[in-house]
Trainee: 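Quick one: the structure is below, questions incoming.
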Amino acid sequence: MARPEKPLPEGKDPQIEAARWMRGLRDRSGLTNRQIAQMLGVSESTMSRVMAGRSPGSMHRFLFAMTLMCDGSSEESLALMARMSRRRRAHLQQPVEGLLGSDPDLITTPAELIRGMRVLRIHAGQPSLAELKRRSPNRALAPTTINEILLGQRLPSALVLARFVAACGVVSPESDRWARAWQRVMLAQQQAGWRSKAPFARMVRFKLIDLGAEVGPAFVEPFKDAHEEINGHLAGASDPD
């Protein structure tokens, strides 16, 4: 017989608030920790730690997954992520840019995504746009596109971000975190009314599949999953390339 779940402590700790919110989603959905763990492909003990607010490195990921799984409010979810990010930055006493460059789990806004890409480029040795293209799979990273993105004039598609992080030397499973960062940002954009066209979504999906032949399916799959989640499995909206 499973042990009864301990009540969460009082207070305004962001991780505890996130755990309390996820418990509420779970209970309203009529699910158990075991069922959720099976659906997410993790152990029940991992899920128990998350629901107790004791898994700081995973709270963003599970908060996002629970929001989608249990039809939670994306606005509330993003607000909780932001509070956890602010606390973590203060705790580590690191500059925002340096931290975002090494921890994509903290990215929740378009500005943070672009800043994180800039820092990632610095960590890769500040290659020129031409060098980024040369390093990218199939040399397919367009310098004009990446320049506009790094200047904050547009957001990357899942495909462009995958090419960029590969060009910067990021490999799986670290690359998975960038795919999830993109997914969080684009979910917020959708909530703000962003939409694009289905033909582009199909094109991006096919190009992501092709990219898998160059860098391997383990690298590409999270980006493809994020792209399809944001685009309603290609039913409507899409990313521009």
Side-chain angles (χ1 to χ4, degrees), residues 41 61 64-65 68 100-105 107 110 112-190 194-241:
R61 177 163 59 95
F64 183 74
L68 296 176
L100 285 174
S102 61
D103 194 348
D105 289 343
I107 293 174
E112 289 176 343
L113 177 61
I114 292 169
R115 188 184 300 121
M117 292 175 68
R118 291 173 184 163
V119 175
L120 183 60
R121 182 186 180 191
I122 292 170
H123 289 179
Q126 192 70 352
S128 66
L129 298 178
E131 177 64 13
L132 282 171
K133 178 178 181 178
R134 190 190 68 77
R135 294 184 186 181
S136 66
N138 284 330
R139 301 192 176 192
L141 189 62
T144 301
T145 297
I146 202 63
N147 186 52
E148 290 176 353
I149 291 167
L150 294 176
L151 288 174
Q153 297 174 355
R154 59 188 288 191
L155 286 172
S157 66
L159 173 65
V160 168
L161 183 60
R163 289 170 173 165
F164 178 81
V165 299
C168 289
V170 179
V171 297
S172 182
E174 177 68 16
S175 56
D176 301 5
R177 301 165 68 208
W178 286 95
R180 293 194 298 270
W182 179 88
Q183 188 175 13
R184 284 194 300 275
V185 170
M186 297 312 294
L187 175 63
Q189 291 296 98
Q190 277 192 342
W194 172 85
R195 293 291 183 272
S196 54
K197 299 176 183 177
F200 285 105
R202 296 188 183 94
M203 178 182 69
V204 168
R205 182 178 185 275
F206 291 142
K207 288 186 177 181
L208 279 167
I209 293 172
D210 289 342
L211 181 63
E214 292 295 316
V215 297
F219 181 98
V220 169
E221 201 64 29
F223 289 95
K224 185 164 70 70
D225 290 347
H227 170 72
E228 294 190 0
E229 187 66 49
I230 292 300
N231 287 283
H233 299 282
L234 311 186
S238 126
D239 316 282
D241 190 355

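No experiment lies behind these values; they were computed from the predicted model shown.
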Trainee: What is the minimum heavy-atom distance between M117 and P156, and which atoms define it?
Mentor: SD-CG, 4.0 Å
Trainee: Could you grab the distance from atom CG of L132 to atom OG1 of T145, nearest 0.5 Å is fine?
Mentor: 12.5 Å
Trainee: Where is the tightest heavy-atom contact between R121 and L129, given as atom of each residue plus distance?
Mentor: NH2-N, 3.8 Å
Trainee: For I114, give me all partners under side-chain contact (heavy atoms from CB on, under 4.5 Å), at least two apart in sequence or on another chain.
Mentor: R118, L155
Trainee: By side-chain contact (heavy atoms from CB on, under 4.5 Å), which residues pair with S175, not counting sequence neighbours?
Mentor: V170, S172, F219, F223
Trainee: D210: what forms a side-chain contact (heavy atoms from CB on, under 4.5 Å) with it, not counting sequence neighbours?
Mentor: none
Trainee: Before giving the answer on side chain to side chain contact (heavy atoms under 4.5 Å, CB included), spell out for W182 and I107 the whole-Å C-alpha distance, their side-chain angles and the decisive distance to 0.1 Å.
Mentor: CA-CA 8 Å; W182 179 88; I107 293 174; over 6 Å; no
Trainee: Set out, in order, the CA-CA distance, both residues' side-chain angles and the distance that settles side chain to side chain contact (heavy atoms under 4.5 Å, CB included) for L159 and H227, then state yes or no.
Mentor: CA-CA 8 Å; L159 173 65; H227 170 72; over 6 Å; no
Trainee: Listed by chain and number, what are the salt bridge (Lys or Arg N to Asp or Glu O under 4.0 Å) partners of R134, not counting sequence neighbours?
Mentor: E131
Trainee: Provide the closest heavy-atom pair for P104 versus A181 in the form atom of the first, atom of the second, distance.
Mentor: O-CB, 3.6 Å
Trainee: Work out which heavy atom in F64 is nearest to a heavy atom in R184; give both atom names and the distance.
Mentor: CD1-CG, 3.7 Å
Trainee: Go through the steps to decide whether V220 and I209 satisfy the test side chain to side chain contact (heavy atoms under 4.5 Å, CB included), and finish with yes or no.
Mentor: CA-CA 7 Å; V220 169; I209 293 172; over 6 Å; no
Trainee: Using 0.5 Å steps for rounding, measure from the CD atom of E228 to the CD atom of Q183.
Mentor: 11.0 Å
Trainee: Looking at every non-hydrogen atom in both residues, tell me the closest pair between R135 and A124 and how far apart they are.
Mentor: NH1-O, 3.3 Å
Trainee: To the nearest 0.5 Å, tell me how far N138 CG sits from K133 NZ.
Mentor: 11.5 Å
Trainee: Could you list the residues that satisfy side-chain contact (heavy atoms from CB on, under 4.5 Å) with P137, not counting sequence neighbours?
Mentor: A166, L211, E214, V215
Trainee: Which residues satisfy the salt bridge (Lys or Arg N to Asp or Glu O under 4.0 Å) test with E221, sequence neighbours excluded?
Mentor: K224
Trainee: Applying the side chain to side chain contact (heavy atoms under 4.5 Å, CB included) test to I230, which of L187, D225, V185 qualifies?
Mentor: L187
Trainee: Taking atom CD1 of I146 and atom CG of L141, what is their separation to the nearest 0.5 Å?
Mentor: 5.0 Å
Trainee: Any idea which heavy atoms bring C168 and L120 closest together, and the distance?
Mentor: CB-CG, 3.9 Å
Trainee: To the nearest 0.5 Å, what is the distance between OG (S157) and CG (N231)?
Mentor: 10.0 Å
